[in-house]
Amino acid sequence: MGVFRRMLALGKRSKLDREIEDELHDHMQMRINDNIAKGMSSEEATRAARLRFGNPTVMKERVDAEDAALGVDSLFRDVRYATRGFAKSPAFTAVAILTLALGIGANTAVFQLIDAVRLRSLPVPFRYWASPLHRFSGWLWERGSTSRIQPASRRILAARRSAFRSWDASSLAGTSIAHRLTSARLVPASSRLQLQPNTVRRG
Amino acid sequence: MAKNDLQGALDLLIFKTLSQLGSMHGYGIVMHIERVSDELLNIEEGSLYPALHRMEQSGWIRSEWAVTESSRKAKFYTLTAAGRRQLAAREKNWEQVVKGVQAILRFA
């Protein structure tokens with residue numbers, strides 16, 4: 001309950017500050033009134049009260065510090081109390097820890113699975129960047145013995161250059177390419193897609 | 001072992017004053033201690049208010065705004081049940097401190 005009260009107090013900080021100010025101000029006024037009742041003039045009474053009271057700002061800060069210091073202090077006390085409570089009922093503690101452990105563990109496992117399957121499957125900003133090439137890869141290269149890229153594929157690749165930021169179309173622009181690719185597959189590389197030849201034969 | 005710092009003494013005076021008066025504001029506490037001790041004890045405001053707030057945070061006293069007999073508003077402090085238990089413990093503790101100090105003073 002202590003923690004809850006302190007959290008509330010945190011929100012009411014300015015209200016609390018004003019209350020402390022009011023309280024100190026009222027105190028000073030009462031002193032001044034008593035001084036006047038004792039026969040002092042109003043200036044004398046105020047001066048005497050101020051002298052006795054000291055610097056009101058410093059005092060307010062000290063009262064404030066008392067509240068804050070104790071906040072931390074009693075937080076430790078709450079923690080100690082909780083620990084004692086746990087030690088007193090080990091069965092409850094065990095069930096609570098086990099429940100938390102299983103809950104957190106299951107959560108992590110499920111997240112890791114989804115992360116691996118759905119979120120991180122391709123390290124590209126948008127998944128659709130990859131899909132056209134997947135679709136075209138079947139007829140990107142002429143099947144069989146030829147090493148030439150089909151002109152239609154080349155056009156498509158050129159048109160999609162902006163999508164494949166790191167795509168080096170120039171290497172494919174020639175009528176023949178250095179390496180003879182019998183088939184290729186898409187490989188995600190750090191931040192881009194690469195075409196990796198499955199079989200490389202020197203042309 | 002008795003806890004015997006000055007702060008303990010101030011707390012004890014505040015506790016006892018509140019248990020005697022029931023409910024009082026800071027100024028009233030200062031005046032009461034001065035009057036009852038024949039002005040031997042003089043509580044400084046600079047120590048009183050931090051102490052009051054510390055005791056309130058500890059749950060030993062609680063406060064509420066009310067109007068004084070001279071129809072001025074003031075924050076009145078009252079002992080809580082925990083505060084009354086504290087008072088009993090502190091009083092006992094104080095007696096031990098006094099006994100200890102007396103023993104030292106009388107040692108020859």
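Below, chains carry the letters A, B, ... as their sequence lines are ordered, and counting in each starts from 1. As the structure is a computational prediction, the values presented were derived from the model and not from experiment.
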*Determine yes or no for a side-chain-to-main-chain donor-acceptor pair under 3.5 angstrom, with B/R72 supplying the side chain and A/M30 the backbone.*
no
*asked:* Heavy-atom pairs under 4.5 Å with chain A: which of B/E44, B/M31, B/K75 has the most?
replied: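 Top count of heavy-atom pairs under 4.5 Å with chain A: B/K75.
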*Can you establish whether the number of heavy atoms outside B/K73 located under 6.0 Å from its atom NZ is more than 12?*
yes
*If you draw a 6.0 Å radius around CG in A/L98, do more than 12 non-hydrogen atoms from other residues or ligands fall strictly inside?*
yes
_Can a side-chain donor-acceptor contact be found between B/Y27 and A/D26 if the only test is distance below 3.5 angstrom?_
no
*Which bit of A/N55 comes within less than 4.5 Å of chain B, counting heavy atoms only: side chain, backbone, both or neither?*
neither
_So which atom in B/P50 and which in A/R62 form the shortest heavy-atom distance, rounded to 0.1 Å?_
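Between these two residues, the closest heavy atoms are CG-CB, 4.1 Å.
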*Closest heavy-atom pair and its distance - B/E45, A/M59*: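 Here B/E45 and A/M59 meet closest at O-CE, 3.3 Å.
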*A/I20 and B/H53: side-chain contact (heavy atoms from CB on, under 4.5 Å), yes or no, with the steps?*
CA-CA 9 Å; A/I20 294 171; B/H53 281 250; 3.6 Å; yes
*Sort by residue number and list every member of residues 15-24 of chain B having a non-hydrogen atom under 4.5 Å from chain A.*
none
_A/K60/B/Y49 under side-chain contact (heavy atoms from CB on, under 4.5 Å): CA gap, chis, key distance, verdict_ = CA-CA 9 Å; A/K60 191 179 148 289; B/Y49 283 99; over 6 Å; no
